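Written out below as structure tokens is the structure these notes cover.
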Amino acid sequence: MIEYVGLLAALLTTVSFLPQAIKVIKEKNTTGISLGMYSMFTVGVFLWLIYGISRSDFPVIIANATTFVFAGTILTMKIKYK
């Protein structure tokens, strides 16, 4: 049962980044996004991914792998279109 709670939390927090990623990709406009925040966030998500892998925690792995892709995309575009 608790794994379902983790999966639902992972789904909601991960999907919440999708609209921002789509908007940034379409508009190529990152002026309202903080480089410092996204840098720290992306590193933090990567560290959570490493943690999930080390614990074999499926919800943590899936959520953070997906979020890392979204956040990394936004961060890359922030640097590219600065």
Side-chain angles (χ1 to χ4, degrees):
M1 177 65 170
I2 196 67
E3 189 163 312
Y4 291 118
V5 172
L7 287 170
L8 181 58
L11 176 69
L12 293 173
T13 57
T14 299
V15 171
S16 71
F17 276 87
L18 194 53
Q20 184 71 59
I22 291 169
K23 184 176 186 209
V24 167
I25 291 166
K26 280 184 178 179
E27 297 177 5
K28 295 179 177 44
N29 180 358
T30 60
T31 55
I33 296 173
S34 166
L35 178 60
M37 179 272 180
Y38 261 91
S39 297
M40 289 186 282
F41 181 77
T42 304
V43 170
V45 168
F46 180 72
L47 293 174
W48 273 114
L49 175 59
I50 299 302
Y51 174 80
I53 291 168
S54 72
R55 308 272 307 183
S56 299
D57 190 328
F58 181 71
V60 174
I61 294 168
I62 295 302
N64 286 289
T66 307
T67 303
F68 181 71
V69 170
F70 293 154
T73 299
I74 293 168
L75 179 60
T76 300
M77 296 196 71
K78 175 64 178 175
I79 293 167
K80 183 176 180 179
Y81 297 110
K82 193 172 182 183

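In this text, all values refer to a predicted model and were calculated from it rather than measured experimentally.
In this view, T31 and N29 satisfy the side-chain hydrogen bond (donor to acceptor under 3.5 Å, both in side chains) rule, not counting sequence neighbours. Scanning for ring pair (Phe, Tyr, Trp, His ring centres under 6.0 Å) contacts around Y51 gives W48, with sequence neighbours left out. Every side-chain contact (heavy atoms from CB on, under 4.5 Å) that L7 has, sequence neighbours left out, goes to E3, Y4, F58, P59. Residues forming a ring pair (Phe, Tyr, Trp, His ring centres under 6.0 Å) with F41 (at least two apart in sequence, or on another chain): F17. Y81 pairs by the ring pair (Phe, Tyr, Trp, His ring centres under 6.0 Å) definition with nothing, not counting sequence neighbours. Judged as a side-chain hydrogen bond (donor to acceptor under 3.5 Å, both in side chains), and not counting sequence neighbours, the contacts of T14 are T67.
Across every non-hydrogen atom of S16 and T13, the tightest pair is OG-O, 2.7 Å. The two residues L75 and S39 make their nearest non-hydrogen contact at CD1-OG, 3.6 Å. When all heavy atoms of I61 and L49 are compared, the pair lying nearest together is O-CD1, 3.5 Å.
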Would you check, one step at a time, whether the test side-chain contact (heavy atoms from CB on, under 4.5 Å) holds for I74 with Q20? CA-CA 8 Å; I74 293 168; Q20 184 71 59; 3.7 Å; yes

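In this structure, L11 is not a member of the same hydrophobic cluster as F70, with clusters built from ILVMFWY side-chain heavy atoms closer than 4.5 Å. Taking hydrophobic clusters as Ile, Leu, Val, Met, Phe, Trp and Tyr residues chained together by side-chain heavy-atom distances below 4.5 Å, V60 does not share a cluster with L47. Placement of F68 and I22 within a single hydrophobic cluster is found when ILVMFWY residues are connected by side-chain heavy-atom separations under 4.5 Å, directly or transitively. No path of Ile, Leu, Val, Met, Phe, Trp and Tyr side chains, each step under 4.5 Å between heavy atoms, connects V45 with I62, placing them in separate hydrophobic clusters.
Taking 4.5 Å as the limit, some side-chain heavy atom of I25 sits within range of a side-chain heavy atom of T73. Contact check for M77 versus I33: no side-chain heavy atoms found under the 4.5 Å cut-off.
Not one N or O on the side chain of K78 forms a donor-acceptor pair closer than 3.5 Å with the backbone of L35.
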